[in-house]
Every structure is written in C-alpha cells, then in structure tokens.
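Below is one structure, written out as structure tokens; comments come after it.
Order of the sequence lines sets the chain letters (A, B, ...), proteins ahead of strands, with each chain counted from 1.
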2 protein chains.
Amino acid sequence: MKFIIRNRSILLYGASLAVLLLIMKWLEWRLVVLDHAFELYAGAIALMFMALGIWLSRKLTQPKTNTIIVEKEVVVEAGDFILNEAELSRLGLTSREMEVLQSIADGLSNQQIAERLFLSLNTIKTHSSKLFEKLEVQRRTQAVEKARKLKIIP
Amino acid sequence: MKFIIRNRSILLYGASLAVLLLIMKWLEWRLVVLDHAFELYAGAIALMFMALGIWLSRKLTQPKTNTIIVEKEVVVEAGDFILNEAELSRLGLTSREMEVLQSIADGLSNQQIAERLFLSLNTIKTHSSKLFEKLEVQRRTQAVEKARKLKIIP
DNA sequence: ATTAAATTCATACTAAAGTATGAGGCAAAA
DNA sequence: TTTTGCCTCATACTTTAGTATGAATTTAAT
C-alpha cells in the first residue's frame, strides 16, 4: 500500500502508457479502414504526450523558491560600551580602585564590597576615598555618574 | 526586437512545430519505403512532444513561489533612551519621587537636592525613603542601578 | 638593592544617608 | 463632605559613607 502511494507518479505514468498503447492499436486498426486518418493519429499522440509531459513536469519538478529577505529590526541590548582606555590611564586608577568602582556602581554598600573582595571595611573606605580623589568627586553616586560619562564603566 | 524577446517562448514553440512537421513529412515518406517502421514513428512523436510538454511547462508556468523569510538582524543604535512607562506606572512613583530619583542619579547629595527643589533636607529624606521602598532597595546607588535597569531613567 | 607605588588595615572622627514616626496642608475623588 | 493620596516638614535616632592619618607589607621597576 505504501509502495503504491510512494510511487504513484510512476504507476500513473505506466498506466497512461498502457492506455495510450491500446488507443494506438485501436487507431492502427482504424487506419486500415480509413486510409488518410494518419495525420489525425499523429496529432493525437502528440497532444497526449505533450499533456503527459506537462503533467510530469508539474509533478516532478521541485517548486521554484523565491527567497525573500525580510529585515527584522532587533534591538541589541547594551552592545555599545567601549571602554575609554585613554581616560582610564589618564586618571591612573589602580585595579583595586576599579574593582571598588564597579562594585559601587552595582549598588553595593562598603560592607558588601568588603565581603565580595575579602577585605576589611576600612580598606574599602581607603580605596573609595582615593578613587573619589582621582575622579575629583565627593560621593559614590557622583563617582558612578562621572565614570559612566567617561565610559570607564558600562 | 522587443517583440521577439518578449514572445520568445511562443516563437520557439512555433519553430519547433514547424521542424516537427518537416520531420513528420520526412518520416511519412520513409514509411512508404519501410513498411513497418510505424511504431518507431509514433514513439518518436511521443517522445518529442513529451519533451516539448515538459519544456513548455517549465517555461510558461508561473513559478510556484515558496516564500522563504530570512530574518536579518539589524543593529539598532541602543543609544536613545525609551522610557519604560509600564514599569513606571506599575511602581507608582510620584512626580516628586521621580525628581528626587533623577537628582540622585545625577550624583547630588540630599542637601543639594533640597536646594535644587527648594525643599528641606528632611523632605528629601522622606521622598528618598519612600522611593527606596517602592523600588525595593536599601541605598541610593542601588536605586539608580535598578531604575536604570528598568529603563525609568536614562 | 633600593625606591616608588600599590595594597592592606587600623583608629578616630565628621558628614551624610537612611529609618521611624507623626503631623499639617491641599487637592481630587468617592 | 469625607476620604484618600500626595507633599511638606520636623524630631530623634541608627547606620553607612567619607576623611585624615599612620603604618606594615607586597610588588614592580630602576
């Protein structure tokens, strides 16, 4: 059953050939009687096979694919941060100061920063104080603001 | 000239018909000589017209278009800030709280905010306290961080 | 090896931030 | 009209942030 479904096209083709041969034989017999019906016969064959060709072509050729490219806008989140290395080196921030700055920007308290970096609260205070000096600010919020403006942090 | 190009298919069709008729006539003459070459003749016609049918079908049928949509990512400059009004209304921040939040994000101290908005320091403290409650944060730096994440402030 | 910068931490202090609570005024909604 | 939410401000208090100073240790460079 599956074989029939899968090879339907080929079976149909065979069947049409068989039918056509029958018609041909019949026409052949007619040809003996009617002497000049030959052109009609040839035309019939031509027509049928052309039809068969068209049908085959339609069935067997894979459909043409028109590839349509649709541009879809995708907002890329926060991909535009480029570290301003010039400013960073100009300010002369040390690595620890940068870590503290980043943690401050993340909204952590000095105590939390100390825990995160395994340091004492006083050390964090020292670092942040020096950081503020270098950034020429008075408060952590200002530091974050300025650092963001200078493209030192995202 | 344009006519030729545009109706090339039809002209080709006509030409092949003419050629075929010539071949047929020639074969007809051959038939008188060779008596039983009839089946071969019919087969030739069948073959040719089937080929013609296939060719015609390919040329003349409009292509079946399988539209393949290819999504192309277009990077949109994420530089412009779009206020997340849904979040803003969900949080229920009052206008004063928003002003204070903005000032905090600008790196101002409570005292400076009070001066900017012509209010007392205590009022600013009250506003910021309520603001922190609504934003579910403990510190002003956290408030700025969260507000930025929620697209409430640029 | 010596210098210089960076890191760590401490103490002591001041300043600012944040919490809790209450209260008066005001405008819009029920 | 009463209620409700917002704005304002105050007092009192706790917590966190920030400054100043000094010192020991580590690390990198001269």
For the atom pair [atom1] ([X]) and [atom2] ([Y]), what is the distance rounded to the nearest 0.5 Å?
X: B/T141; Y: A/R140; atom1: OG1; atom2: CZ; result: 5.5 Å
X: A/I104; Y: A/Q102; atom1: CD1; atom2: CD; result: 10.0 Å
X: B/M98; Y: B/I152; atom1: CE; atom2: CD1; result: 6.5 Å

Using the test salt bridge (charged side-chain N to carboxylate O under 4.0 Å, His left out), find all partners of A/K130 that sit at least two apart in sequence or belong to another chain. none
Residues in salt bridge (charged side-chain N to carboxylate O under 4.0 Å, His left out) contact with A/R96, at least two apart in sequence or another chain: A/E99
Do any side-chain atoms of residues 131-138 of chain A form donor-acceptor pairs under 3.5 angstrom with protein atoms, and if so which ones, sequence neighbours left out?
residue, atom, partner, partner atom, Å
A/K134, NZ, A/G92, O, 2.9
A/K134, NZ, A/E97, OE1, 2.8
A/K134, NZ, A/E97, OE2, 3.3

Listing request: all salt bridge (Lys or Arg N to Asp or Glu O under 4.0 Å) pairs with a residue in residues 107-129 of chain B, at least two apart in sequence or in separate chains. B/D106-B/R116
Which atom pair, heavy atoms only, marks the closest approach of [X] to [Y]?
X: A/L101; Y: A/A143; value: CD1-O, 4.3 Å
X: A/A105; Y: A/I153; value: CB-CD1, 3.6 Å
X: B/S103; Y: B/I113; value: CB-CG1, 3.5 Å

Please report the distance, rounded to the nearest Å, between [atom1] in [X] and [atom2] in [N].
X: B/L93; N: D/dC7; atom1: CG; atom2: C1'; result: 15 Å
X: A/Q142; N: D/dA17; atom1: CD; atom2: C1'; result: 13 Å
X: A/L135; N: D/dG18; atom1: CG; atom2: P; result: 12 Å
X: B/M98; N: D/dC6; atom1: CE; atom2: C1'; result: 16 Å
X: A/L121; N: D/dG18; atom1: CG; atom2: P; result: 11 Å
X: A/F132; N: D/dA17; atom1: CZ; atom2: C1'; result: 8 Å

Could you identify which residues of residues 122-131 of chain B place a heavy atom less than 4.0 Å from some atom of DNA chain C, listed by residue number, or say none? B/K125, B/S129
Provide a list of protein-nucleic acid N or O atom pairs under 3.5 angstrom, restricted to nucleotides 25-30 of chain D.
none

Name the first nucleotide and the last nucleotide along DNA chain C (5' to 3') that come under 4.0 Å of a heavy atom in chain B. C/dA17 to C/dT19
For B/Q112, check side chain to side chain contact (heavy atoms under 4.5 Å, CB included) against everything at least two apart and list the hits. A/R139, B/L108, B/S109
What residues form a side chain to side chain contact (heavy atoms under 4.5 Å, CB included) with B/T123, not counting sequence neighbours? B/L119, B/S120, B/H127
Given [N], is OP1 or OP2 found less than 4.0 Å from the side-chain N or O atoms of [X]?
X: B/R96; N: D/dT8; result: yes
X: A/N110; N: D/dA17; result: yes
X: B/S120; N: D/dA10; result: yes

Contact nearer the 5' end of DNA chain D, comparing B/T141 with B/E97: B/E97
Bend angle of the helix from C/dA1-D/dT30 to C/dA30-D/dT1, from helix axes over five pairs at each end, nearest 10°: 50°
